[in-house]
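Step one of this worksheet: look at the structure below.
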Amino acid sequence: MELLWTGQVPEHAEDAMAHRHLLDAEESARLDAFRRPADREAYAVAHIALRRLLGARLGRAPETIVFGREPCAHCGGPHGRPVVPGAPVHFSLSHTSRTGSGLVLIALATGPVGVDVEAVPAESTIADVVSQLHPRERTELAALPAADRPLAFTRCWTRKESLLKAAGVGLGGELSRTYTGTGPRPAGDTGWSLSDLPVDPGYAAAVAARPEADARKPGG
């Protein structure tokens with residue numbers, strides 16, 4: 001892992017919106033499409049920060065960074081890992097927004113990497129999506145006291161998202177087949193270096209990266 005950047009949206013929102021000219025046309029259109037100011041600010045902070053970090057890493061002006069997509073490792077579709085074509089750096093970003101708060105998480109690495117940060121949801125939200133988890137994870141959550149389930153669920157979800165981002169596959173169908181666990185530590189047999197990250201109370205975050213030995217292999 002070369003760099004891991006975390007930022008609170010309110011601290012960076014004004015500066016990010018003032019520098020929205022650094023975004024490309026597609027990013028600008030997505031920014032304008034958000035209806036909630038909190039979502040718009042989180043997106044701006046994440047993408048302006050990513051351009052600045054990549055620009056510093058590659059020795060380029062942030063506004064000149066051009067993004068592309070690798071083919072999906074699962075289906076071959078044009079929605080795999082985001083890349084800067086030809087650049088010797090891998091990256092991942094995630095952001096979550098709440099009115100008056102929100103976090104952004106960005107990783108740069110020498111090999112495939114994925115990050116995810118999520119706000120801990122209400123119990124009702126968990127009930128709507130828990131069926132998408134691995135059967136063992138559903139059993140683990142059901143055995144917990146109700147007060148402990150939201151954080152355990154969110155830990156599990158961020159582990160899965162970071163892992164699937166690193167692998168370059170979409171969420172569809174993969175969530176229930178991938179076991180990352182709901183406990184204090186991630187499962188250790190995923191084939192990736194998977195870690196929880198310390199973040200503000202009310203959030204959970206995780207990072208997945210290719211093990212260093214694999215990242216150093218030719219073509220890694």
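Nothing fancy with the numbering, it's 1 onward along the sequence.
Note that OG1 of Thr96 and CG of Leu103 are 7.5 Å apart. Values are rounded to the nearest 0.5 Å. Distance check, rounded to the nearest 0.5 Å: CG of Asp128 to CD of Glu123 gives 10.5 Å. Atom CG of residue Leu3 and atom CG of residue Leu108 lie 5.0 Å apart, to the nearest 0.5 angstrom. With rounding to the nearest 0.5 Å, the separation of CZ in Phe153 from CD in Glu118 is 8.5 Å. Note that OG1 of Thr139 and CG of Leu133 are 10.5 Å apart. Values are rounded to the nearest 0.5 Å. Note that the NE2 atom of His95 and the CG atom of Asp116 stand 10.5 Å from one another [nearest 0.5 Å].
Ser92 places a side-chain heavy atom less than 4.5 Å from the side chain of Val113. Leu50 has its side chain within reach of Phe67: a pair of non-hydrogen atoms, C-beta onward, lies under 4.5 Å apart. Counting heavy atoms from C-beta on, the side chains of Ile65 and Leu58 come closer than 4.5 Å.
In terms of hydrophobic clustering, with Ile, Leu, Val, Met, Phe, Trp and Tyr side chains grouped at heavy-atom distances under 4.5 Å, Leu22 and Phe34 are assigned to a common cluster. When hydrophobic clusters are built by joining Ile, Leu, Val, Met, Phe, Trp and Tyr residues whose side-chain heavy atoms come closer than 4.5 Å, directly or via intermediates, Val104 is not grouped with Val199. Under a hydrophobic clustering in which Ile, Leu, Val, Met, Phe, Trp and Tyr are joined whenever their side-chain heavy atoms come within less than 4.5 Å, directly or via other members, Leu151 and Ile126 fall into different clusters. Residues Leu194 and Val169 are members of separate hydrophobic clusters, defined by side-chain heavy-atom contacts under 4.5 angstrom among Ile, Leu, Val, Met, Phe, Trp and Tyr. Linking Ile, Leu, Val, Met, Phe, Trp and Tyr whenever their side-chain heavy atoms come within less than 4.5 Å puts Val130 and Trp157 in one cluster.
The side-chain hydrogen bond (donor to acceptor under 3.5 Å, both in side chains) search around Glu41 returns none, not counting sequence neighbours. A search for side chain to side chain contact (heavy atoms under 4.5 Å, CB included) contacts involving Ala152 returns Leu141, Leu144, Arg155, Thr182, not counting sequence neighbours.
Here the closest non-hydrogen pair linking Met17 and Ala44 is SD-CB, 3.5 Å. Contact record, Pro112 with Arg81: CB-NH1, 3.6 Å, taken as the closest heavy-atom pair. Between Cys156 and Gly181, the closest heavy-atom pair is CB-O, 3.4 Å. The minimum heavy-atom distance linking Leu175 with Lys160 is given by the pair O-NZ, 2.7 Å. The two residues Ala107 and Leu4 come nearest to each other via the heavy atoms CB-CD1, 3.8 Å. Considering all non-hydrogen atoms of both residues, Ala46 and Ile106 come closest at O-CD1, 3.6 Å.
Between Arg51 and Glu27, at least one side-chain N (NZ, or NE/NH1/NH2) sits under 4.0 Å from a carboxylate O, which counts as a salt bridge. Salt bridge annotation for Asp32-Arg20: present, with a cationic side-chain nitrogen under 4.0 angstrom from a carboxylate oxygen. Salt-bridge check for Arg159 with Asp196: passed, with a basic side-chain N closer than 4.0 Å to an acidic carboxylate O. Under a 4.0 Å N-O distance rule, the pair Asp15/Arg52 qualifies as a salt bridge.
Ring to ring, Trp5 and His12 are close: their centroids are under 6.0 angstrom apart.
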Check the pair Val66 / Val84 against side chain to side chain contact (heavy atoms under 4.5 Å, CB included), numbers first and verdict last. CA-CA 6 Å; Val66 176; Val84 177; 5.9 Å; no

For side chain to side chain contact (heavy atoms under 4.5 Å, CB included), just list the numbers for Tyr203 and Ser101, CA-CA rounded to whole Å, side-chain angles, deciding distance to a tenth of an Å, and then say yes or no. CA-CA 11 Å; Tyr203 297 88; Ser101 64; 3.3 Å; yes

For Leu105 and Leu93, run side chain to side chain contact (heavy atoms under 4.5 Å, CB included): C-alpha distance rounded to whole Å, both residues' side-chain angles, the deciding distance at 0.1 Å, then the answer. CA-CA 6 Å; Leu105 183 59; Leu93 85 163; over 6 Å; no

Residues Val207, Ser162; criterion side chain to side chain contact (heavy atoms under 4.5 Å, CB included); working and verdict: CA-CA 6 Å; Val207 58; Ser162 62; 5.6 Å; no

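Aromatic ring pairs are classed by plane angle as parallel below 30°, tilted from 30° to 60° and perpendicular above 60°; the pair Tyr179 and His134 is perpendicular. Between His47 and Tyr43, the ring planes lie parallel to each other; the angle is under 30°, not in the 30° to 60° tilted range.
Judged purely by atom type and a 3.5 angstrom limit, Arg138 uses its side chain to pair as donor or acceptor with the backbone of Ser131. The backbone N or O of Thr154 sits less than 3.5 Å from a side-chain atom of Thr158, completing a donor-acceptor pair. In terms of modelled atom types and a separation under 3.5 Å, the side chain of Glu63 and the main chain of His21 share no donor-acceptor contact.
Residue-environment remark: CZ (Arg30) stays at or below the threshold of 12 foreign heavy atoms within 6.0 Å. Atom CD of Glu14 sits in a sparse spot, with 12 or fewer heavy atoms from other residues, nucleotides or ligands closer than 6.0 Å.
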